[in-house]
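This structure is a prediction, so every number in the text was calculated from the model and none was measured. Every chain is numbered from 1, with letters handed out A, B, ... down the list of sequences.
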2 protein chains.
Amino acid sequence: MTTRIVELRRGILKKNDELAAGLRQRFTSAGVLVLNLVSSPGTGKTAFLELTLRALRARGAHAAALVGDLETDNDARRLAASGAPVRQINTHGICHLDAEMVTKHLDDWEEVSLADLNYLFIENVGNLVCPSSYDLGERIRVALLSVTEGEDKPLKYPGLFNSSDAAVITKIDLSVPCGFDRELALKNINEIRPGIRIFETSAKTSAGMDEWLAYLAEQARPS
Amino acid sequence: MTTRIVELRRGILKKNDELAAGLRQRFTSAGVLVLNLVSSPGTGKTAFLELTLRALRARGAHAAALVGDLETDNDARRLAASGAPVRQINTHGICHLDAEMVTKHLDDWEEVSLADLNYLFIENVGNLVCPSSYDLGERIRVALLSVTEGEDKPLKYPGLFNSSDAAVITKIDLSVPCGFDRELALKNINEIRPGIRIFETSAKTSAGMDEWLAYLAEQARPS
């Protein structure tokens, strides 16, 4: 059975890669910067994204978000409070988003036209493992890690950190009560993905958001 | 392709269920209480388990642990400090433990004989989704959730909470800085799994450990 599973897994990932390549082409033609946000459940992706959407809107940028969860539309409702167009993808038991789900939800999203957007954020299902195998056509994959989770996560989940373009440390306002060892966390992230851009943020205090927004603006600029 | 995937997934789960049934029979014959600990990465499974192993040892009970991670043996080394026999299972990219991995690691574990144990803890890979589909032959599945992760996790990951026998809230020492809404968390857990036993704990202060240890002793008693 193992050989069949490996073959089938290859087939699924190959199909996903083809769809993702199509998405990437669409995103590039439309001139929209697409980011795929991946982390554990509870890292604070939604709070970080809500703050990002509000700040981009305040600066006159056009941003939208797709948000993946097994169940509930809690996150979409939270994010919609930012004023940005937001669409929930419920995976009903599937542990990651894939390119087919993203394609489908973009195709019939009447509220949004890619060409009018500067940024599209895709908040993945909370999971440090499975989403790293599924390309969604994004230009930037962001791995998020909160100070409450422990400094060793990059070493224990190397697949995600190794495939990411940026790392965001969240909840730094909790560093002291959590006894967070910042140097060790930075060292571990760099060990898996040397030279990766790292942002140290708090959605509560807005720490680190200026650097993050400057990075977004820089990445969105036509080269 | 979808039909083939569903069929193959059924086949994998069926094979896992058969192996898990075999494990359950072995565990029952040996008189060992087996618990499968499941949570997000960073919930504090290892700290909670280390404290549990130390306390059981101090009470003269015999406990051992199998610990699953994609990579590294950090957790096994941390747990071994308790003095209990501990064995690391590295899944190398697989997002959950399955009954085959548990069987294999028990079969050639020279240090441990099941018949000599009162308790065997299986610390699963950090993932709130995939482990819930894989029976490991445990008698008690424990879903852990830290106060840093947000009160909505049971609603967003119902598969795990619905298949669990006990829920452990961890890191309650961080409730205040995290603004944790205890009543809401308890309500959400009970909404998914009415009447489930819930323990509110802190590995830092040892809060809730007495209740947890009393529960373990009660469950381990031959009925």
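Pairing each heavy atom of Cys95(A) with each of Val129(B), the nearest pair is CB-CG1, 3.5 Å.
The contact list for residues 71-85 of chain B toward chain A, using heavy atoms and a distance under 4.5 Å, reads Glu71(B), Thr72(B), Asn74(B), Asp75(B) by residue number. Contacts with chain A (heavy atom to heavy atom, under 4.5 Å) involve these residues of residues 146-161 of chain B, listed by number: Thr148(B), Glu149(B), Asp152(B), Lys153(B), Leu155(B), Lys156(B), Tyr157(B), Pro158(B).
Applying the side chain to side chain donor-acceptor pair (under 3.5 Å) test to every pair with at least one member in residues 175-189 of chain B, sequence neighbours left out, gives these pairs: Arg182(B)-Glu200(B).
Asn127(A) places a side-chain heavy atom less than 4.5 Å from the side chain of Cys130(B).
Looking at residues two or more places apart in sequence or on another chain, you find a side chain to side chain donor-acceptor pair (under 3.5 Å) between Thr205(B) and Ser202(B).
In this structure, Gln25(A) places its CD atom where only 12 or fewer heavy-atom neighbours from other residues, nucleotides or ligands lie under 6.0 Å away.
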